[in-house]
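Below is one structure, written out as C-alpha cells; comments come after it.
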Protein chains: 4
Amino acid sequence: MKSLEKHNKILTSATKVFAKKGFFNARISDIAKEAKVADGTIYLYFNNKFDILISVLEEEIGKIIEQIQKSIEKETDPQKMLTIFVQKHLATMKQNRNLAEVIHIELRQSDKLVKEYRNKTFKQYINVISHIIQRGQEQNVYRKDIKPGIAKRAFFGALDEVSRVWAESTGSTYSLEETTEQILALFLNGMLEKKA
Amino acid sequence: MKSLEKHNKILTSATKVFAKKGFFNARISDIAKEAKVADGTIYLYFNNKFDILISVLEEEIGKIIEQIQKSIEKETDPQKMLTIFVQKHLATMKQNRNLAEVIHIELRQSDKLVKEYRNKTFKQYINVISHIIQRGQEQNVYRKDIKPGIAKRAFFGALDEVSRVWAESTGSTYSLEETTEQILALFLNGMLEKKA
Amino acid sequence: MKSLEKHNKILTSATKVFAKKGFFNARISDIAKEAKVADGTIYLYFNNKFDILISVLEEEIGKIIEQIQKSIEKETDPQKMLTIFVQKHLATMKQNRNLAEVIHIELRQSDKLVKEYRNKTFKQYINVISHIIQRGQEQNVYRKDIKPGIAKRAFFGALDEVSRVWAESTGSTYSLEETTEQILALFLNGMLEKKA
Amino acid sequence: MKSLEKHNKILTSATKVFAKKGFFNARISDIAKEAKVADGTIYLYFNNKFDILISVLEEEIGKIIEQIQKSIEKETDPQKMLTIFVQKHLATMKQNRNLAEVIHIELRQSDKLVKEYRNKTFKQYINVISHIIQRGQEQNVYRKDIKPGIAKRAFFGALDEVSRVWAESTGSTYSLEETTEQILALFLNGMLEKKA
DNA sequence: GATGAATGAGTATTCATTCAT
DNA sequence: GATGAATGAATACTCATTCAT
C-alpha cells in the first residue's frame with residue numbers, strides 16, 4: 001500500500017492548483033493531472049472536492065501551526081517568544097508560496113465548514129499571541145493598557161497582510177529579515193518619535 | 001432616473017447575497033429574488049455575474065475610499081489624519097456588515113480581474129497610510145526608521161483583521177471606540193513599557 | 001405558460017424511451033431529444049430522473065386505473081363488471097404499447113419508491129377484482145370457496161402476463177376479443193370438462 | 001474443484017444482492033463482499049456484471065426448470081401433472097426468496113440478452129403448461145374451447161403474481177398449500193357457481 | 001424596459017473493469 | 001489463482017445567459 005505517499009502527492013498538487021486558480025475554479029481533473037493520477041484515484045483518498053480543501057487546511061496548515069507553537073513553548077521570555085513567532089510565521093509564508101496563497105484566499109471562504117475550521121484550529125494559533133502579550137504584561141515588559149484580545153488580531157492581521165505580498169508579487173519585495181525587523185519595531189516601539 | 005435606482009438595488013442585493021453565500025455559491029436568481037426583479041433584468045444592468053462582483057468592489061468600496069480620502073485631505077496634522085483614517089475605516093466596516101464581508105472574502109479571490117482591481121484602486125487606498133507616515137516622518141513626528149512601505153501593510157492588515165470580527169461574529173465584541181483607541185495606541189506607542 | 005403541454009410531451013417521450021431502453025439505460029438526453037427540448041428543460045418540470053419515472057407511473061397509469069374503475073362503478077352485475085374489467089384492461093394495454101412496456105418492466109423495480117407506489121395505488125386497482133368477486137359470492141354467482149385475496153392476484157397476474165405478449169412481440173398474436181373471451185371462460189368456467 | 005465452489009458462491013451472492021438492490025443498483029463490490037472475495041476475483045469466473053445476471057438466470061433458474069420438468073415427465077395423467085407443476089413451482093418460489101425476487105424483477109428487463117434468454121429457456125418452461133392442457137384436451141379431461149396458447153400464459157401469470165407476494169411481503173401470507181389448492185380450483189373449475 | 005422559460009455547456013462523482021503484485 | 005489499487009469513461013444535474021413575448 002503506497003497510500004500515504006499518494007495521499008500527500010494529491011494534497012501537494014491540490015495546494016498548487018488551489019493557489020493558482022482558487023478552490024472554485026480548480027477542477028478535479030487539474031489536481032489529478034498535477035498529481036499524475038487518474039481522476040478517480042483522488043476519490044480513493046478523499047471524499048469529495050471540498051474534503052481536499054479541508055484536508056489542505058487541516059493537515060498542511062496544521063503542521064505549520066504545530067511547529068511554530070513548539071518552537072515558542074521552549075522560550076519563557078516574551079520578547080524572544082514574539083520574535084520567534086514573527087520570524088517563523090513570515091519564514092514559513094515566504095517559503096511555501098502555494099500554501100501561503102491558499103491560506104490567504106481559501107481560509108476566508110464563507111463556507112460553513114471552512115469557518116468551522118477557522119474557528120477551531122486557527123483561533124488557537126492567534127491566541128498564542130495574546131498569551132505572549134499577557135505574560136509580558138505580567139512581567140511588566142508590555143504595557144498594561146494594551147488589550148491582548150484586540151492586539152492579537154492586529155498583530156496577526158499585520159503579519160498576514162505583510163506576507164501576502166510575497167504570495168502575490170512576482171518581482172522583488174522586502175526581504176524576510178527586513179520585514180521581521182520592521183514588524184517587531186512597529187509593534188514594540190510604535191511609530192511615535194520618542195520625545196526627549 | 002428609474003434605471004439608476006434599479007442598478008443600485010441590484011448592487012445592494014448582490015452585496016447582501018455575496019456576503020451571505022460568497023461569490024461562487026451565490027446564484028443570479030438569488031440576487032434577482034433579493035432585488036425583486038426577474039433574472040433576465042439583471043443582464044440589462046450588468047454584463048455577467050462577475051461584472052456584478054467587480055461593480056460591487058468598484059462602486060461600493062470606491063465610495064468608501066473616496067469618502068475617507070476626502071475627510072483626510074482636509075487635515076495636515078499626521079496624527080489627526082491617522083486618527084481619522086482609523087476611525088472612518090472601522091466605523092464604515094462596523095456599519096455595513098455585508099460590504100465588510102464582501103471585502104474580507106471576495107477581495108482575496110485569485111481571479112485575475114479581482115487582482116487587477118486590488119492592484120489599482122485598493123493600493124491607492126493603502127498608500128494613503130504610507131503618505132501619512134511619510135509626512136509624519138518629514139515633520140519629525142514619526143520615527144525615521146519605520147519603512148512606510150511595510151508599515152502601511154501592517155497597518156491595513158491590522159485594521160482589516162480587527163474589523164473582520166464584526167462581520168463574522170454574532171455576539172458582542174469590542175466597541176468601535178475601544179478598538180480605534182487600541183489600534184492607535186498600539187501603532188503609535190508600541191507595546192513596550194517605557195522605561196524611566 | 002405552455003407548461004402543461006411541455007410537461008406531457010416530456011412524459012410521453014420518457015414513456016417511450018423507458019419502454020425501449022428501460023429506466024436505467026435511458027439517458028436524460030435521450031428523453032430530451034425525443035421531446036425536442038434541451039436537457040435542462042426537463043428539470044423545469046421534474047426534480048430528477050427518478051421523478052420522471054414515478055410521474056409516468058402516477059399520472060399515466062393513474063389515468064388508466066381511474067378510467068377502468070369508473071366504467072365498472074356503473075355496473076352492479078358482477079359478471080358484467082368482471083367482463084368490463086378484462087376488456088378495458090386488455091384494450092388499454094394493447095393500445096398503448098409503450099406504457100404497457102413500462103408497467104410490465106419498471107413497476108417491478110426493487111426501488112423503494114416504486115414499491116411504495118405499487119403498494120399504494122396499484123393494490124387499490126387489484127382490489128377492484130376482489131371486491132367484484134366478493135359481491136358475486138354474496139349474490140351466489142361465484143363459488144364461496146374461492147378466496148378473493150388469492151383469486152384477485154391470480155386474475156391480475158393472468159391479465160398482466162397475457163398482455164405482455166403484445167408489448168414484446170412484433171408479429172401477429174391473439175386478438176383482443178379472443179383473449180378477452182378466453183380469459184373470462186377460463187376463470188369463470190375453469191378448464192375441466194363438465195361431466196354430465 | 002475449488003473453482004466450481006467459488007463460482008457457485010459468487011452466483012449465490014449475486015442472487016442475494018440482485019434480489020435486494022436490483023441489478024442496476026447492485027455493485028460488483030457488493031457481490032464481492034457478500035461472497036467474501038476480492039472484486040477482481042469475480043472476473044476470473046465471469047466476463048462482466050451482466051454475465052453474472054445471465055448466469056443466475058441460466059444456471060439457477062435452469063436448475064429449477066429442469067427439476068420441475070423432470071418430475072412432471074414421470075406422470076401421464078394431465079390432472080396430476082398440473083397439480084405437480086403448481087405445487088413445485090410455488091414451493092420453489094416460496095423456498096428461495098432471493099431467486100424468486102430476481103425472477104420477478106430482472107427477468108422483465110428490456111435488455112436484449114435478457115429478452116433472448118426469456119424467449120429461449122423460459123418459453124420452454126411455459127410450454128410445459130400448454131402441453132399438459134393439450135394432452136388433457138385429447139383425453140377429454142379439459143375443455144376443447146380452451147386455447148392452450150392463451151391459457152398457458154394466464155396460468156403462468158397467475159402463479160407468478162401469486163408467488164410475488166411471498167418475495168415482497170414480510171408478514172404472514174397465504175400458505176403454500178392453501179395457495180396451491182386455490183389456484184387449481186380456480187383454473188380447473190372456474191369461479192362460477194354450478195347451477196343445478 | 002421587463003420577464004422567466006428555455007437553453008446547453010460544463011463537471012464532480014461513480015463504478016465496472018484491469019493488471020501489477 | 002487471488003488481490004484491491006488504479007483507471008477513466010460515462011452521465012445526471014446545475015445555473016449563467018439568452019431571447020421571444
Side-chain angles (χ1 to χ4, degrees), chain A residues 1-3 5-7 10 24-33 35-52, chain B residues 1-3 6-7 10 23-33 35-52, chain C residues 1-3 5-7 10 24-33 35-52, chain D residues 1-3 6-7 10 23-33 35-52:
Chain A
M1 211 194 316
K2 54 172 70 173
S3 280
E5 196 183 317
K6 203 158 277 189
H7 174 103
I10 293 171
F24 287 101
N25 288 319
R27 302 289 141 240
I28 288 292
S29 57
D30 294 336
I31 298 172
K33 195 179 288 177
K36 283 169 190 161
V37 297
D39 290 23
T41 304
I42 290 184
Y43 290 87
L44 296 176
Y45 296 92
F46 300 93
N47 296 323
N48 51 48
K49 191 185 170 188
F50 203 81
D51 185 37
I52 305 176
Chain B
M1 208 192 301
K2 206 160 191 178
S3 278
K6 201 161 277 186
H7 173 103
I10 293 171
F23 175 75
F24 287 100
N25 289 320
R27 303 290 144 238
I28 288 291
S29 57
D30 294 335
I31 299 172
K33 192 179 290 177
K36 284 169 188 163
V37 297
D39 291 22
T41 305
I42 289 184
Y43 288 86
L44 298 174
Y45 296 91
F46 300 93
N47 295 321
N48 52 47
K49 189 186 172 189
F50 204 80
D51 185 36
I52 306 177
Chain C
M1 215 193 313
K2 55 172 72 173
S3 281
E5 197 183 316
K6 203 157 277 187
H7 174 103
I10 293 171
F24 288 101
N25 289 319
R27 302 288 141 240
I28 288 292
S29 58
D30 293 336
I31 298 172
K33 195 178 288 175
K36 284 171 189 157
V37 296
D39 290 24
T41 304
I42 290 183
Y43 291 88
L44 296 176
Y45 296 91
F46 301 92
N47 296 322
N48 51 49
K49 192 185 170 189
F50 203 81
D51 185 36
I52 305 176
Chain D
M1 207 191 303
K2 206 161 193 177
S3 279
K6 201 161 279 188
H7 174 104
I10 293 171
F23 175 75
F24 287 101
N25 289 320
R27 305 289 147 236
I28 288 291
S29 57
D30 294 336
I31 299 172
K33 193 179 289 176
K36 284 169 190 162
V37 297
D39 289 22
T41 305
I42 289 183
Y43 289 86
L44 297 174
Y45 295 91
F46 300 92
N47 295 322
N48 52 46
K49 189 185 172 189
F50 204 81
D51 185 36
I52 305 176

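When reading the values below, keep in mind they use all heavy atoms of this one structure, side chains included, and skip hydrogens, waters and symmetry mates.
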Next item on the list: Find the distance A:Phe46:CZ to E:dA12:P and express it as a whole number of Å.
Entry: 16 Å
Next item on the list: Using a 4.0 Å heavy-atom cut-off, write out nucleotides 15-21 of chain F from 5' to 3' as B (base contacted by protein), S (sugar-phosphate only) or - (no contact).
Entry: SSBB---
Item checked: Inter-residue atom distance B:Ile28.CD1 - B:Asn48.CG, 0.5 Å rounding -> 8.0 Å
Next item on the list: Go through the structure and list residues passing salt bridge (Lys or Arg N to Asp or Glu O under 4.0 Å) with D:Asp30, not counting sequence neighbours.
Entry: D:Lys21
Note to self: Stem list for DNA chain F, please, built from Watson-Crick and G-U wobble pairs under 3.5 Å and keeping only runs of at least 3.
What the structure shows: E:2-21 with F:2-21
Margin query: Applying side-chain contact (heavy atoms from CB on, under 4.5 Å), can you list everything that pairs with A:Ala32, at least two apart in sequence or on another chain?
Written below: A:Val37, A:Asp39, A:Ile42
Next item on the list: Report yes if a side-chain nitrogen or oxygen of B:Ser3 is closer than 4.0 Å to either non-bridging phosphate oxygen (OP1 or OP2) of E:dG1; otherwise report no.
Entry: yes
Item checked: Spatial distance of atom NZ (B:Lys6) from atom NZ (B:Lys36) [nearest 0.5 Å] -> 12.5 Å
Notebook entry, point to check: Rounded to whole angstrom units, what separation is found between the CD1 atom of A:Ile42 and the C1' atom of F:dG8?
Noted result: 12 Å
Check: Can you list the residues that meet the ring-ring contact (aromatic ring centres under 6.0 Å, His included) rule with C:Tyr43, with sequence neighbours excluded?
Finding: none
Check: E:dT14 P sits how many Å from D:Asp30 CG, rounded?
Finding: 14 Å
Check: How would you list, by chain and number, every residue that makes a ring-ring contact (aromatic ring centres under 6.0 Å, His included) with C:Phe50, sequence neighbours excluded?
Finding: C:Phe23
Item checked: Of B:Ile52, B:Asp51, B:Ile10, the residue whose pairing with B:Tyr45 passes side-chain contact (heavy atoms from CB on, under 4.5 Å) -> B:Ile10
Next item on the list: Can you tell me the distance, in whole Å, between the CG atom of C:Leu44 and the P atom of E:dG4?
Entry: 13 Å
Next item on the list: Check the pair B:Phe24 / A:Asn25 against side-chain contact (heavy atoms from CB on, under 4.5 Å), numbers first and verdict last.
Entry: CA-CA 9 Å; B:Phe24 287 100; A:Asn25 288 319; 3.6 Å; yes
Check: Whole Å only: how far is the NZ atom of B:Lys36 from the P atom of E:dG4?
Finding: 15 Å
Check: Nearest-Å distance, CG (C:Asp51) to P (F:dA12)?
Finding: 15 Å
Check: When the distance from OH of C:Tyr45 to P of E:dG4 is rounded to whole Å, what number comes out?
Finding: 14 Å
Notebook entry, point to check: Which of these nucleotides, F:dT7, F:dT3, E:dT3, is closest to any side-chain atom of A:Ala38?
Noted result: F:dT7
